[in-house]
Every structure is written in structure tokens, then in C-alpha cells.
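Notes follow once the structure below has been shown.
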Number of protein chains: 2
Amino acid sequence: MNFNQVTIKDIARELGISPSTVSRALKDHPDISPETKRLVNELAEKLNYQPNVVALSLRSSKTNTIGVIIPEIVHFFFSTIISGIEDVAYSAGYNIIITQSNESLAREKSDLKALFNSRVDGMLMSISRETVDFEHIENILSKGMPIVFFDRIYDTPGSSKVIVDDKVGAKEATLHLIEQGCKRIAHLEGPPNLHISKQRLEGYREALSEAGLPFDESLVALCPKGTTEEGKLATEKLLSLKTKPDAIFASNDPAAMGAMQAIRQAGLKIPKDIAIVGFSNWQLSSLMEPPLSSVDQPGYEMGQEAARILIRHIELKSKKKPEPAPEVKLLKTRLIVRESSVKK
Amino acid sequence: MNFNQVTIKDIARELGISPSTVSRALKDHPDISPETKRLVNELAEKLNYQPNVVALSLRSSKTNTIGVIIPEIVHFFFSTIISGIEDVAYSAGYNIIITQSNESLAREKSDLKALFNSRVDGMLMSISRETVDFEHIENILSKGMPIVFFDRIYDTPGSSKVIVDDKVGAKEATLHLIEQGCKRIAHLEGPPNLHISKQRLEGYREALSEAGLPFDESLVALCPKGTTEEGKLATEKLLSLKTKPDAIFASNDPAAMGAMQAIRQAGLKIPKDIAIVGFSNWQLSSLMEPPLSSVDQPGYEMGQEAARILIRHIELKSKKKPEPAPEVKLLKTRLIVRESSVKK
DNA sequence: TTGAAAGCGCTAACAA
DNA sequence: TTGTTAGCGCTTTCAA
């Protein structure tokens, strides 16, 4: 769009000097006389000169733009990540272009291509649920595009990634319940095709084993879709066991919410009869009744960290430094203890 | 960043023709012979030629990019809006650059400037809470930048805007309660400095008056910050009135959540003793216990509509058509009826 | 200390 | 039907 912005030429013409001199004066080149610098800078100020970044990009082959591919924007965790990315990028002078794949592989492919064609300097990417082959990503990587993966990563040795340590988070949550005196801790397991579900189950097992408690198969209930309804049903089953559980560690907040409903309807009290801890959505868990103890995922940090790593790669690359080694960052979760798991 | 992409020159050299011929052949110019076109297109395909959009932007003074300024990304309503914007922009071949002001005027100003300098073709903007003077916006508008405001608008006659009809939404919610047989409907009023709070109160009054019910000052309780705690406290007061309300219309979901807590703690049943309707966050309200009836804000539609209007403006402008008349779009809310307000 | 010229990749008016 | 040239705005090498 043509907004009739002032150019270097305009300044040069007005001052009766050449564009190259203006260019040099503006960037404080040592060759230029102080007097000329003063004149140029004053006029630039007066005319409100702003360099044309498009021209700069063309010349330098650098757009100062980062492309982001995310499965879904409308999701607390992902929007938190975007916020983290935005903050770091902003401070470093980068724009971010956002695309959402809507969990579709086709859309992810076209986003990837569009961002590549927009000549972004690097990309941050979390893959869609449909993504099972990675040719489209390999293709872009092979052209030298720096990509940092986060959360839903493409697990290839050559690239950097930022993930959350779900196993340790789950372990801490379970240990917290054990510290409260719980002996029969049930686990509502999340969608089994997701890596994170396995990690959370694993953390739960490790905690039990570390505390010398038995692992009881009948206390693990699958919630394949992670919905409230499933959580409720699964909990109803658990409550009908001969020896009821005295605590529940839920793999996700909706399931935890369902569990709460079932517990309430059975006439039991939280946390007196059954303590409960959820996983992942700070916003929701604070609003539950009673407020839900929860393993908080560090979305903001994840966005920040991914952006930092990417920008580091970009800047090294543009300085033609040796290829930086891929970095893998494992972020800690934070256990937020609220009423639902504190036995008095 | 230099990804050694194939250029028109490369194709020209390989084929022993001139770059301009290649350029023309690629865009199916009538002057070029079918044979040349075939050769060019085949080679372009083979070499995977992709036009350099930065060069195109420089030449055409058009970046095919829309800038978005939003107060906060991590907010269900706003992220829904972004999603709507993204979908429309994507279909029309535009990228979106997102910035968040974090409710800070200083940040809003610098975002505005950065986007302008990035030569975006137009902007979509929702102003920050701190924004009370509009010089920075006027400044950009005066340069001819198309801006469409949404939700938190800058109410100037010359520009297009998309807003939600909060008054009608509130009225419908209140009428719904009246239809359920409620006679003493309380209102939890939101932050009084926000335009929307006034609109919602107004809709509530209109509904009462239309139904021939009296407006009772003592049934309106202010929740100045819109928190759960305030909602709880306000409701406790309402429940201590000599004649209790039989329904509550809450100006926002956290307040509604607080009201539910207070009602439950007083040993009353929802909706048997008191029915309740909230405003605005679909995601939260579906998870409440019982699921909360709610006036849903059309965030996705808002994003779509704003993007559509902006793109229309941009395309008219680039065709040097006469300045399009500003459009004002008033979006309808949707009343989602759930258990909390249905009296059997 | 400054200027002329070339070039980043592309398109379009003009020439042939 | 195709090629030459100029130019979008900027930087930088080379020359003065």
C-alpha cells in the first residue's frame, strides 16, 4: 500500500546531496562529517522519515519475521504460548505471523509453504494431530530454514525443541497426594494415543513405587477423549469399588471436573473423603468448586523459550557462524496446590 | 534469510531467454507463445520456483499482510476473534501479524508504529483499557491506513467498526428468565467504566419494563471488577434481603460463578430456588455445575466480519476506487440455554 | 568526505 | 513475440 512515505531520496534531494550520503549519515557512518549528519538527521526527524522495511528485507534477505504454526489458537495453553512468543519476539525486534492448522495436515502443509514463501527468518511449530509423516517439514528444513518445535514436536535429532516434563509433573502431583496421607490413589488416564498421557501415567507409577505403594490396575480408569462426561463415568465406577480410592490424580482438567461432579453426587466431600489433583489448565482449575489443585503447564515460558532459541539460531545463521547445535529444553511444570487436595 | 531460492533470472538463463519473458510466461500473458510458456512453466515446476514475495511487495507497495492489535491474546473471547480473522485472511491470501498491547497505551503506540513501518496493508484494532486519547490512531488514519475497529472501538465517524449488541443480548437473557416464571430478577452489574456494563444493565431494564415488571434498585448489585469473589459477596447480600430474588442475570461469568457458590452455600438449589444466566464465556459456562445458561459473544464472527470489511477496503483502495463508506456492523449475541435457568 | 553505480527480484512501458 | 530498460528503496563497493 502506498502511504507516500518519505524516502532517502526525498531527503537527499531537499539537501542537495546523494542518497548514499543520506543513508550513511542516518546510520552514523564514521566517514560522514558531523555537519552533514546533523543536517540529515534534523531533516529526517522533521519529515518523520521511516525506513522502508520491505526494501531492507529485499536487500538483506532478512524479514525480521518469525512464522508460527499452531494447531489451534482458541485454546488456553496455545494462546499462552503465543503470548510468550510475542513478548520475546517484540523485544528482539521481530514480528510474528500466526497461522493455525486447525489440526489438519493439509492446512499445515499449506501454512508451511505460505510462511516459507513469505520469507520468514525462522519458524516455531507445533504439529497437528493428523501429522504422521514429516516429508513437508523435512523439505523445508533441508532448505536451511531454522525451525524450533514446541509441545507437539517432530522428534528428529537435528532440530531444537521445547517440551514439558509431564512425567515429573505427574510424579510430583501424586507425591503431593501421598504426603497428604492418601493411600489408594486412582488415576484418570488421558487419550492413549498422546505421548503426554503415557508420560503422566508413568509419573504416577513412579511416585507410587517410590513411596512403596502398590500399583493397582483397577485404580486406573481410561478417559480416551478427555471429556467431563468420561471423567464422571470413570469416577462413578471407581466409587463403586469395594474399597474406594481416597484420592484421584486426573490426567486433565475436564476429567477432574467430571470426577468432582461424580463425587459430589455420591454425597462425598472433597477433599475430606477424596482428594483430587488435575493437570494443565490454570484458568479453569481456579474457578472450580472447590478450587482444583493442578499441575500447571508453563505455556508462557514455553513460548518465550522457543522464541529465544529460534532467534539465537537465526542470528547465528545470519552471521554465517557455524551451524548451532540443536537444543532440547525440558520445562518444569508447577504444582498449584488449592483446596481440593489439602486434607486438614 | 537467504535460502538460495530459484529466481526468474535462473530460469531465464537456463532457457536462454530474458527475465521479462519468463515473468510474462509465468503469468500467462497473451503475448507469449504457447511453446515458450510450456518451456518456462515446466522448468519452473522442475526447479520448484516460488516468487519472492518481498520483491513483489517492494514493487507493488502491497504486502498482503494485515496487522492486528489486540489487548490480550490469552483470553477466550480475543483468541476466538483471532481465529476468525485468521480464517478469513488465509482464504483471501493475506498473512496476519499479531501484536498484543497488554492493555498498555505505550505498547499500543509502539505496536501501531511497528505495524505501520512493516507496511501492512491495513489494520484490525481493539484498543487498550488505558487508551483515552487517540492522537496516535488519528495520526495513522490520516496517512490513509485502513483500520477496522472491533469490540473496544475508537468511536470516530470516519472508520468502520464491528461491535456486539450487548443491550439486546442482555434483554433476551432477562426475558428468558421472565418466561421461566421469574418475578424478582437480580442483576450483577459489571465494571461501571466499561461501555458494555451499561449496555447490559440497560437491556436488563428494558426487558423488565417490557414485561411490566418493576425495576427494583435493591436487586442491582455492583461487581466493579467482575471477579468471582465479588459475585459471591454480592449474591450473599441479595440472599439476605427480606424477599429474596428468584433469578440472577450476571453481567459476566466469573460473577455468575461466584453467585452459584453463594447460592449453594446457602443451601438453595439452582435453578429450583434461583435461576441464573451469565454473559460471555462459552467455554467456562459449559463446564460449570450445573452448566450455566449464558449469553454467548460471537467472537469468531466478529473476527471474520472485521477481516472481511478490512479486506474489502484494502482492495478498493488498491484499485483506486473512491473511498469506501465506513461500515458499522452490530453483531447479535446468542442465548445458550442450559440447566441453570430452566425451571421444570 | 562524498558520489556514482550496481544490485536485491520482480514487472511493465517502450522498443524492436 | 521477445528483449531492453528503468525503477520500487535501500546499502555498499569503488571511484573521485
Side-chain angles (χ1 to χ4, degrees), chain A residues 1-41 43-44 47-65 116-121 318 320, chain B residues 1-41 43-44 47-65 116-121 318 320:
Chain A
M1 216 48 68
N2 179 13
F3 301 112
N4 299 317
Q5 280 290 87
V6 178
T7 71
I8 271 187
K9 266 190 182 170
D10 298 325
I11 297 178
R13 194 175 338 103
E14 190 131 340
L15 251 37
I17 57 179
S18 79
S20 33
T21 305
V22 175
S23 170
R24 282 183 276 237
L26 285 171
K27 41 185 39 179
D28 207 20
H29 192 104
D31 278 359
I32 303 296
S33 77
E35 175 61 3
T36 310
K37 278 183 191 166
R38 195 181 56 76
L39 285 170
V40 168
N41 282 304
L43 186 58
L47 299 179
N48 190 26
Y49 166 77
Q50 303 284 18
N52 184 323
V53 294
V54 179
L56 287 174
S57 295
L58 179 59
R59 188 152 206 291
S60 63
S61 308
K62 181 155 193 301
T63 54
N64 274 279
T65 299
F116 184 77
N117 285 344
S118 293
R119 299 296 201 272
V120 294
D121 296 333
S318 71
K320 309 225 161 123
Chain B
M1 214 51 63
N2 180 14
F3 300 112
N4 300 315
Q5 279 292 85
V6 179
T7 72
I8 270 187
K9 266 190 182 170
D10 298 324
I11 297 180
R13 194 175 338 101
E14 191 131 338
L15 253 37
I17 58 180
S18 80
S20 37
T21 305
V22 175
S23 170
R24 282 184 277 236
L26 285 171
K27 40 184 42 181
D28 207 19
H29 191 104
D31 280 357
I32 303 297
S33 76
E35 176 61 4
T36 310
K37 278 183 192 167
R38 197 182 54 76
L39 286 170
V40 169
N41 282 304
L43 187 57
L47 300 178
N48 189 25
Y49 166 77
Q50 303 286 16
N52 183 324
V53 295
V54 179
L56 286 174
S57 295
L58 179 59
R59 186 148 208 291
S60 63
S61 308
K62 182 154 191 304
T63 53
N64 274 279
T65 299
F116 184 77
N117 284 344
S118 294
R119 298 299 200 272
V120 295
D121 295 334
S318 71
K320 307 223 161 126

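Worth saying up front: this structure is predicted, and the values here are computed from it rather than measured. By convention in this document, chain letters (A, B, ...) are assigned in the order of the sequence lines, proteins followed by strands, and residues within each chain are numbered from 1. Basis for what follows: all heavy atoms, side chains included, without hydrogens, waters or symmetry-related copies.
- At whole-Å resolution of the value, CG in B:D28 and C1' in D:dT1 are 15 Å apart.
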In residues 24-31 of chain B, what donor-acceptor pairs under 3.5 Å come from side-chain atoms, sequence neighbours left out?
| unit_1 | atom_1 | unit_2 | atom_2 | d |
| --- | --- | --- | --- | --- |
| B:D28 | OD1 | B:K37 | NZ | 3.0 |

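- Comparing the end axes of the helix from C:dT1-D:dA16 to C:dA16-D:dT1, each fitted to five base pairs by superposing C1' atoms of four pairs onto the next four, gives an inter-axis angle of 60° (nearest 10 degrees).
- Applying side-chain contact (heavy atoms from CB on, under 4.5 Å) to B:S57 and the options A:N52, A:T63, A:V54 leaves one that passes, A:V54.
- You'll find the side chain of B:V22 reaches within 4.5 Å of the side chain of B:I17, heavy atoms only.
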Taking only distance into account, with no hydrogens and no angle test, what donor-acceptor pairs under 3.5 Å do side-chain atoms of residues 8-16 of chain B form with protein atoms, sequence neighbours excluded?
| unit_1 | atom_1 | unit_2 | atom_2 | d |
| --- | --- | --- | --- | --- |
| B:D10 | OD1 | B:R13 | NH2 | 2.9 |
| B:D10 | OD2 | B:T7 | N | 2.8 |
| B:D10 | OD2 | B:T7 | OG1 | 3.4 |

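- To the nearest 0.5 angstrom, B:N48 atom CG is 11.5 Å from B:L43 atom CG.
- Which of D:dT1, C:dT2, C:dG3 sits closest to the side chain of B:D31 comes down to D:dT1.
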Footprint string (nucleotides 10-16 of chain C, 5' to 3'): B base within contact, S backbone only, - free, heavy atoms under 4.0 Å
BBBB---

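- When rounded to the nearest whole Å, the span between CG of A:L15 and C1' of C:dT2 equals 13 Å.
- In this structure, B:R38 places its CZ atom 16 Å from P of D:dT1, rounding to the nearest Å.
- Between A:P51 and A:L56 the shortest side-chain heavy-atom distance falls below 4.5 Å.
- One atom, CD1 of A:I17, and another, C1' of C:dA4, lie 14 Å apart when rounded to the nearest Å.
- For the OP1/OP2 pair of C:dG3 and a distance below 4.0 Å, the side-chain nitrogens and oxygens of A:T21 include at least one atom meeting the criterion.
- At whole-Å resolution of the value, CG in A:L58 and P in D:dT11 are 12 Å apart.
- No engagement by B:S57 is indicated, since no non-hydrogen atom pair under 4.0 Å with the nucleic acid exists.
- Taking B:N64 as the reference, B:K62 meet the side chain to side chain donor-acceptor pair (under 3.5 Å) condition, with sequence neighbours excluded.
- Note on A:S33: only backbone sugar-phosphate atoms sit closer than 4.0 angstrom, heavy atoms only; bases stay farther off.
- Judged by distance alone, with hydrogens and angles left aside, the side-chain atoms of B:S23 form no donor-acceptor pair with the main-chain N or O of B:P19 at under 3.5 Å.
- Applying the side-chain contact (heavy atoms from CB on, under 4.5 Å) test to A:R38 and every residue at least two apart in sequence or in another chain returns A:E35, A:E42.
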